[in-house]
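Following: one structure in structure tokens, then a few remarks.
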Amino acid sequence: AQRVTQPEKLLSVFKGAPVELKCNYSYSGSPELFWYVQYSRQRLQLLLRHISRESIKGFTADLNKGETSFHLKKPFAQEEDSAMYYCALSGRGYQKVTFGTGTKLQVIP
Amino acid sequence: DAGVIQSPRHEVTEMGQEVTLRCKPISGHDYLFWYRQTMMRGLELLIYFNNNVPIDDSGMPEDRFSAKMPNASFSTLKIQPSEPRDSAVYFCASSFQGLSGNTIYFGEGSWLTVV
């Protein structure tokens, strides 16, 4: 079974402060991990994926297989980062993607 | 491409009525997904198709829910009879099994309210 846990429903930070959105997963095989973002009144879209090892909009995420985590980080939060963030998991080569319950990030001006 | 297209965008219906949600995936995509989003449970995968064939419907909550994909460019999710607890945002999404992996592209969602 594949499972994604995002322990925080809401995370509020001040503009300029560091951000860390937590994600832990459970999967017996080789996982692919993703972060999706949903801005207000917009559709869900891919933010980044661990296999790309990229930084998008200043966000990074490192897969830690020992801790089974894929936390999303940004050193300095911007107001436009306010959105709903979903961590997601699939098996490598498989299409079934399981999402966490999401964390709402609120950046306070 | 206009992306994944869903209709209706908003629906308010009375308990007991039949609800049909529609989806047009991105042309060329061979996977189609139906997700339900609620405050309590987040995004739940209901069912997904590969080349129009249902692969996994283990997330469909009960027999009142059914989904079909008669061809590569159209899918429906039907709830009959609807209940207030079905109120949620229903997302359709599609993807392509390619070298770049399995990025899922979402529609804008259908907001369902059952009163």
Side-chain angles (χ1 to χ4, degrees), chain A residues 1-11 21-25 27 29-54 56 61 63 70 83-105, chain B residues 1-7 9-10 23-26 29-60 69 88-111:
Chain A
Q2 51 194 68
R3 187 184 181 114
V4 178
T5 303
Q6 293 181 253
E8 303 142 326
K9 278 197 176 296
L10 173 66
L11 181 65
L21 298 169
K22 291 184 167 42
C23 172
N24 288 90
Y25 67 90
Y27 188 69
S30 293
E32 279 201 52
L33 275 298
F34 311 82
W35 277 98
Y36 280 78
V37 61
Q38 186 179 27
Y39 299 103
S40 179
R41 298 193 185 91
Q42 295 187 26
R43 64 185 74 197
L44 268 146
Q45 57 188 287
L46 179 68
L47 179 62
L48 55 79
R49 56 199 308 161
H50 90 271
I51 59 173
S52 301
R53 301 188 67 80
E54 57 198 343
I56 304 292
L63 178 60
F70 188 57
M84 195 76 177
Y85 291 81
Y86 288 93
C87 183
L89 159 76
S90 75
R92 193 158 297 176
Y94 292 93
Q95 288 293 323
K96 180 175 180 176
V97 179
T98 299
F99 286 79
T101 50
T103 298
K104 183 174 181 178
L105 175 63
Chain B
D1 200 313
V4 176
I5 300 172
Q6 291 186 244
S7 65
R9 291 295 313 282
H10 299 272
C23 175
K24 181 180 187 304
I26 293 173
H29 281 192
D30 52 356
Y31 284 83
L32 183 138
F33 307 83
W34 281 101
Y35 284 90
R36 179 171 67 176
Q37 183 184 44
T38 60
M39 289 284 290
M40 292 301 296
R41 305 175 103 163
L43 266 173
E44 301 173 275
L45 176 63
L46 300 178
I47 185 171
Y48 77 97
F49 297 82
N50 176 219
N51 292 323
N52 315 337
V53 176
I55 302 300
D56 185 344
D57 66 353
S58 59
M60 295 287 261
M69 192 166 184
V89 184
Y90 291 82
F91 286 101
C92 178
S94 68
S95 72
F96 171 66
Q97 177 80 57
L99 293 176
S100 60
N102 50 351
T103 300
I104 294 181
Y105 296 84
F106 283 83
E108 293 182 296
S110 292
W111 296 67

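Both backbone and side-chain heavy atoms feed into the values below; hydrogens, waters and symmetry mates do not. This one's a predicted model, so the numbers in the text were calculated from it and none came from an experiment.
- Judged purely by atom type and a 3.5 angstrom limit, Tyr36(A) uses its side chain to pair as donor or acceptor with the backbone of Ile104(B).
- Contact annotation for Leu43(B): both backbone and side-chain heavy atoms come within less than 4.5 Å of a heavy atom of chain A.
- Between the OG1 atom of Thr98(A) and the OH atom of Tyr35(B) there is a distance of 7.0 Å, given to the nearest 0.5 Å.
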Item to check | Steps toward side-chain hydrogen bond (donor to acceptor under 3.5 Å, both in side chains) verdict (Arg49(A), Thr103(B)) | outcome: CA-CA 9 Å; Arg49(A) 56 199 308 161; Thr103(B) 300; 2.6 Å; yes
Item to check | Verdict with supporting geometry, Gln38(A) and Gln37(B), side-chain hydrogen bond (donor to acceptor under 3.5 Å, both in side chains) | outcome: CA-CA 12 Å; Gln38(A) 186 179 27; Gln37(B) 183 184 44; 3.1 Å; yes
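- Taken from CD in Glu108(B) to CG in Leu44(A), the straight-line distance is 11.5 Å, to the nearest 0.5 Å.
- Neither the backbone nor the side chain of Tyr105(B) comes within contact range of chain A; no heavy atom of the residue lies under 4.5 Å from a heavy atom of that chain.
- Arg43(A) places a side-chain N or O within donor-acceptor distance of the main-chain N or O of Val4(B), the cut-off being under 3.5 Å.
- Separation of atoms OG (Ser58(B)) and NZ (Lys96(A)) is listed at 4.0 Å; rounding is to 0.5 Å.
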